[in-house]
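Read the structure below first, then the notes.
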Amino acid sequence: MLERLAPIGRDPETGGYLRDAWSAADLELREWFAGEAARRGLDLREDRNGNLWAWWGSPSRERPGVVTGSHLDSVRQGGAYDGPLGVVSAFAALDLLKERAVTPSVPVGVACFTDEEGARFGVPCMGSRLLTGALFPDRALGLTDDDGDTLAEVMRRAGRRPHETGRDDETLATVATFVELHVEQGRGLVTEDRPVGVAGAIWPHGRWRLDFRGRADHAGTTRLADRDDPMLPFARMTLAARQAARRLGVVATVGKVRVAPGSANAIPGLVTAWLDARGADAAAVRELVAELSGEASEVREESWTPEVVFAEALRDRLARVAGGDTPAPILPTGAGHDAGILAAAGIPSAMLFVRNPTGVSHSPEEHAERADCEAGVVALADVLEDLCR
Ligand code: GLV
Ligand code: MN
Ligand code: MN
């Protein structure tokens, strides 16, 4: 399955993936998902927010199911595993349950959430946030991509009905438990020398858009004293972010910058930078953003996700079942996930991590060995079998 997905949205020059939500690549990935569901005789549903569900059995409010899955979109120039490994492993785990002749007592579903990375519209976990009501459609539908197209326009072009997005109690009621398998985005499992781990908590994290306004002018004829160059406060902010992060014990990243007009021979009129900040301590993250905000003309919070501590009982059950003789290690993570959004909405949720030898993620360097992926599938099948006994 991963080999079949490999060419979709792949940049031939870098080997990185470009799988923005609702792009041609994303639509092809959705087709792939539908094909895998059909091949297995699963009942395919797309909810009002664009999330895909492939059901083995028919879930209802009275008989909600156990769901596993992840996402198929990517960050710009991302790797092959962040997201797809969880979806592929979900289908493979269902196959394994069938091979084992397991008859689940409740429906089992494979989910693919829309726009987990927020690469196109800036807000991560868009599909699960809309589904749970953590994000209101009024705000989501007006978000724009780099071309200035709104989410509403983009969804409409993809044949969807944006006015129907929003909290979806009917779909939520079909999910009794959610388990997301994900490639590890660090080297915790390398250190532990284990192929599979379990998520303990997700750090609080957020994204802020900072506008630095100045005055565009000629790069040669404008005296230094007469300049109002927004690149300077932007640069000060970026350096200060690293210093403040070190002092406060958090992480801060400026990974996206837009300069207007963007000419080598013009002083910029506007620099827009996106700051991503995360850490175990939400107050420290907030303090960092407050400290840096002074340099900017305008600061807008694009998303904020409070800490998620996965429920202990379910987490420990997973660690026991997935770990074999010794419980699987429990690891915290600085990455956001749809499982965190569902957990915050009160749906019992948990995560399995698969070892990543490079520890690198959101980059083509992201990797998982085939044997570890297979161990992940077996662990996921064991967990599903245990949960739907
Ligand atoms: C998603 O992977 C995120 O943590 O930004
Ligand atoms: Mn990611
Ligand atoms: Mn992911």
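In this text, all values refer to a predicted model and were calculated from it rather than measured experimentally. First listed ligand is number 1; within each ligand, the first listed atom is number 1. Every heavy atom of this structure was used, including side-chain atoms; hydrogens, water molecules and symmetry mates were not.
The Mn ion (ligand 3) has H71 NE2, D82 OD1, H182 NE2 as protein N, O or S atoms under 2.8 Å away.
Residue R278 has at least one nitrogen or oxygen atom sitting less than 3.5 Å from a nitrogen or oxygen atom of ligand 1, judged on distance alone.
Residue H71 does not touch ligand 1, judged by heavy-atom distances below 4.0 Å. When heavy-atom distances to ligand 1 are checked against a 4.0 Å cut-off, E117 comes that close only through its side chain, counted from C-beta outward. With a 4.0 Å cut-off on non-hydrogen atoms, H205 does not touch ligand 1 at all.
Taking the six-membered ring where tryptophan is involved, the planes of Y81 and H367 are perpendicular, since the angle between them exceeds 60° and thus also 30°. In this pair, F234 and F212 present their aromatic rings perpendicular. The plane angle is above 60°, beyond the 30 to 60° band.
Residues I202 and F310 have side chains in contact (heavy-atom distance under 4.5 Å, counting atoms from C-beta outward). In this structure, the side chains of L97 and W56 come closer than 4.5 Å at one or more pairs of heavy atoms.
Residue A335 approaches ligand 1 through these ligand atoms, each under 4.0 Å from one of its heavy atoms: 4 (O). Numbered from 1 in the order shown, with element, the atoms of ligand 1 that lie under 4.0 Å from a heavy atom of H362 read 1 (C), 2 (O), 3 (C), 5 (O). Set against the non-hydrogen atoms of G336, the atoms of ligand 1 under 4.0 Å away are 1 (C), 2 (O), 3 (C), 4 (O).
Side-chain contact, T222 with D217: a donor N or O sits under 3.5 Å from an acceptor N or O.
Residues that satisfy the side chain to side chain donor-acceptor pair (under 3.5 Å) test with D316, not counting sequence neighbours, are absent from this structure.
Judged by the 6.0 Å and 45° rule, R258 forms no cation-pi pair with W274.
Contact detail for A379 and L352: the closest heavy-atom pair is C-CD1, 4.2 Å.
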Take R45 and E170 through the test salt bridge (charged side-chain N to carboxylate O under 4.0 Å, His left out) and record every step on the way to the result.
CA-CA 12 Å; R45 304 177 183 187; E170 212 176 307; over 6 Å; no

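Applying the salt bridge (Lys or Arg N to Asp or Glu O under 4.0 Å) test between D382 and each of R389, R100, R317 identifies R100 as the sole match.
Within H362, the N/O/S atom positioned nearest the Mn ion (ligand 2) carries the name NE2.
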